[in-house]
**Student:** 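Below is one structure. I have some questions about it.
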Amino acid sequence: MTEAWGPEDGRRSGPVRIRVPAKINLHLSVGPLRPDGFHELTTVYHAISLFDELRASPGDTLALTMEGEGQGELALDETNLVIRAARALAAHARVPAYARLHLRKSIPLAGGLAGGSADAAATLLACDALWGTGLPRDELAEIGATLGSDIPFLLQGGTALGTGHGEVVSPILARPTTWHWVVAIADGGLSTPEVYRELDRLRDRGQAPVPLDTPDTLMAALRQRDPKVLADVLGNDLQAAAVSLRPALAGVLAAGADAGAITGIVSGSGPTCVFLASDAAHAERLAAALTSSGVCREARTARGPMPGARIT
Ligand code: ATP
């Protein structure tokens with residue numbers, strides 16, 4: 001820590017507010033388990049209008065408070081991705097990690113919507129502005145990738161192809177279209193590593209569906225701007241594993257189909273399910289039907305694509 005960079009310096013800038021979206025995966029193909037314990041992924045990320053908000057103000061230490069989803073459940077200590085992201089940026093930029101951070105969480109915990117990664121992306125952007133470190137987004141994304149594979153995408157947003165472990169992100173350029181979704185939030189989360197282990201077990205026993213092919217047809221469907229065309233090509237290799245661990249998800253997907261969704265899919269590692277609607281009014285009707293069916297804790301409408309983490 002340099003003498004010239006005391007907490008007073010941090011007080012020079014005012015509070016910074018960031019809004020960051022959740023992600024869903026329109027396509028998620030999981031390669032075989034490699035000897036290093038990782039799976040190669042090809043995914044199409046899509047940022048939706050379900051947001052966490054992070055406020056960063058000057059402080060004499062690094063402190064995190066929160067409200068909303070996961071309050072009282074999510075540890076606010078050094079294990080929290082917000083604190084880890086702030087420390088990683090401070091170490092990279094060689095500045096002291098002084099900030100008061102407050103998180104307003106709407107993205108459910110361990111829901112397959114990458115809420116923790118979203119918060120880390122928001123923190124990198126917030127602290128970069130608060131501390132005046134002025135790093136380009138690419139460099140923030142590189143720091144983010146050391147903490148979680150979805151973080152580079154959540155800095156970028158939109159609809160994008162993710163490769164490697166998901167951290168190599170390229171935007172998908174399609175004519176601007178708004179897609180309408182209903183997000184069915186479950187009671188309780190699913191552990192992402194556990195879902196991957198279940199997929200490996202199902203594959204070992206020959207019980208997993210045929211792995212998804214490349215996302216080429218999905219990318220072509222995005223260009224057609226027709227929800228029925230998109231519905232036919234959504235796919236998630238983790239879905240069978242999530243349903244195997246949480247059989248009630250089959251009932252959620254069936255309830256969405258009964259309520260008239262064009263299609264439904266497990267989001268990432270679950271247990272959140274997302275349903276495609278034809279327009280905003282259809283999404284409202286679907287959300288009401290799913291909420292009253294009692295198969296999920298809550299159903300919310302959402303639009304996509306949305307921009308990534310942004311200062312508000
Ligand atoms: P992913 O699909 O990226 O694995 P997810 O949406 O299933 O994520 P998250 O809500 O991102 O799940 O969180 C996964 C775990 O990360 C949580 O159970 C929690 O232990 C840890 N975590 C650390 N910091 C955070 C945070 N700020 N918000 C949510 N979870 C966090």
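We count ligands from 1, going down the list as the structure has it; atoms in each ligand are counted the same way.
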**Student:** Could you tell me whether the side chain of Lys105 reaches within less than 4.5 Å of the side chain of Asp119, counting heavy atoms only?
**Tutor:** yes
**Student:** Does the side chain of Tyr45 come under 3.5 Å of the side chain of Asn25 through a donor N or O and an acceptor N or O?
**Tutor:** no
**Student:** Does the protein place any heavy atom closer than 4.0 Å to atom 20 (O) of ligand 1?
**Tutor:** no
**Student:** Could you pull out, from Leu113, Leu147, Asp119, Asp52, the option with a heavy atom nearest to atom 27 (N) of ligand 1?
**Tutor:** Asp119
**Student:** Any luck finding a side-chain donor-acceptor pair between His92 and Glu139 under 3.5 Å?
**Tutor:** yes
**Student:** Say whether Gly111 and ligand 1 are in contact under the criterion: heavy-atom distance to a ligand atom below 4.0 Å.
**Tutor:** yes
**Student:** Looking at Thr133 and Cys127, what are the two nearest heavy atoms and their distance?
**Tutor:**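 Here Thr133 and Cys127 meet closest at OG1-O, 4.2 Å.
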**Student:** Would you verify that at least one protein heavy atom lies under 4.0 Å from atom 29 (C) of ligand 1, or report that none does?
**Tutor:**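 It does; a protein heavy atom is within 4.0 Å.
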**Student:** Specify the protein heavy atom at minimum distance from atom 23 (C) of ligand 1: its residue, its atom name, and the distance to 0.1 Å.
**Tutor:** Leu81 N, 3.5 Å
**Student:** Apply the side-chain hydrogen bond (donor to acceptor under 3.5 Å, both in side chains) test between His102 and each candidate in Arg17, Glu53, Glu67; give the one that qualifies.
**Tutor:**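 Single side-chain hydrogen bond (donor to acceptor under 3.5 Å, both in side chains) partner of His102 among Arg17, Glu53, Glu67: Glu67.
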**Student:** Sub-3.5 Å donor-acceptor pair from the side chain of Asp52 to the main-chain atoms of Ser106, do we have one?
**Tutor:**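 Such a contact is found between Asp52 side chain and Ser106 backbone.
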**Student:** Return a yes/no value: protein heavy atom under 4.0 Å from atom 17 (C) of ligand 1?
**Tutor:** no
**Student:** Please work out whether the ring planes of His39 and Tyr196 are parallel, tilted or perpendicular, with thresholds of 30° and 60°.
**Tutor:** tilted
**Student:** Check this for me - ligand 1, Asn80, N or O atoms closer than 3.5 angstrom, yes or no?
**Tutor:** yes
**Student:** Can you figure out which of Asp150, Ile83, Thr272, Leu74 has its heavy atom closest to atom 31 (C) of ligand 1?
**Tutor:**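 Checking each option, the heavy atom nearest atom 31 (C) of ligand 1 is found in Leu74.
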**Student:** Could you tell me whether Leu109 approaches ligand 1 through its side chain, its backbone, both or neither, with non-hydrogen atoms closer than 4.0 Å?
**Tutor:**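 For Leu109, backbone and side-chain atoms both sit under 4.0 Å from ligand 1.
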**Student:** Have a look at Leu124 and tell me which of Ile18, Leu154, Leu135, Leu89 forms a side-chain contact (heavy atoms from CB on, under 4.5 Å) with it.
**Tutor:**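 Option passing the side-chain contact (heavy atoms from CB on, under 4.5 Å) with Leu124: Leu89.
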**Student:** Just by distance, with hydrogens left out, do Ser244 and Glu198 show a side-chain donor and acceptor under 3.5 Å apart?
**Tutor:** yes
**Student:** Residue-level breakdown please: for Thr192 versus ligand 1, do any non-hydrogen atoms fall below 4.0 Å on the side chain, on the backbone, on both, or on neither?
**Tutor:** side chain
**Student:** Check whether the side chains of Ser269 and Thr192 place a donor and an acceptor atom closer than 3.5 Å, and report yes or no.
**Tutor:**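 Short answer, yes.
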**Student:** Among protein heavy atoms, which lies nearest atom 6 (O) of ligand 1, and at what distance?
**Tutor:** Ala114 N, 2.7 Å
**Student:** Quick one: does Gly112 get a heavy atom under 4.0 Å from ligand 1?
**Tutor:**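 Yes.
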**Student:** Lys105 near ligand 1, heavy-atom distance under 4.0 Å?
**Tutor:** yes
**Student:** Would you say ligand 1 has an N or O under 3.5 Å from any N or O of Leu103?
**Tutor:** no
**Student:** Kindly confirm or rule out an N or O of Gly116 lying under 3.5 angstrom from an N or O of ligand 1.
**Tutor:**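 Right, the criterion is met.
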**Student:** Given Ala75, Ala110, Ala120, which has its nearest heavy atom closest to atom 9 (P) of ligand 1?
**Tutor:** Ala110
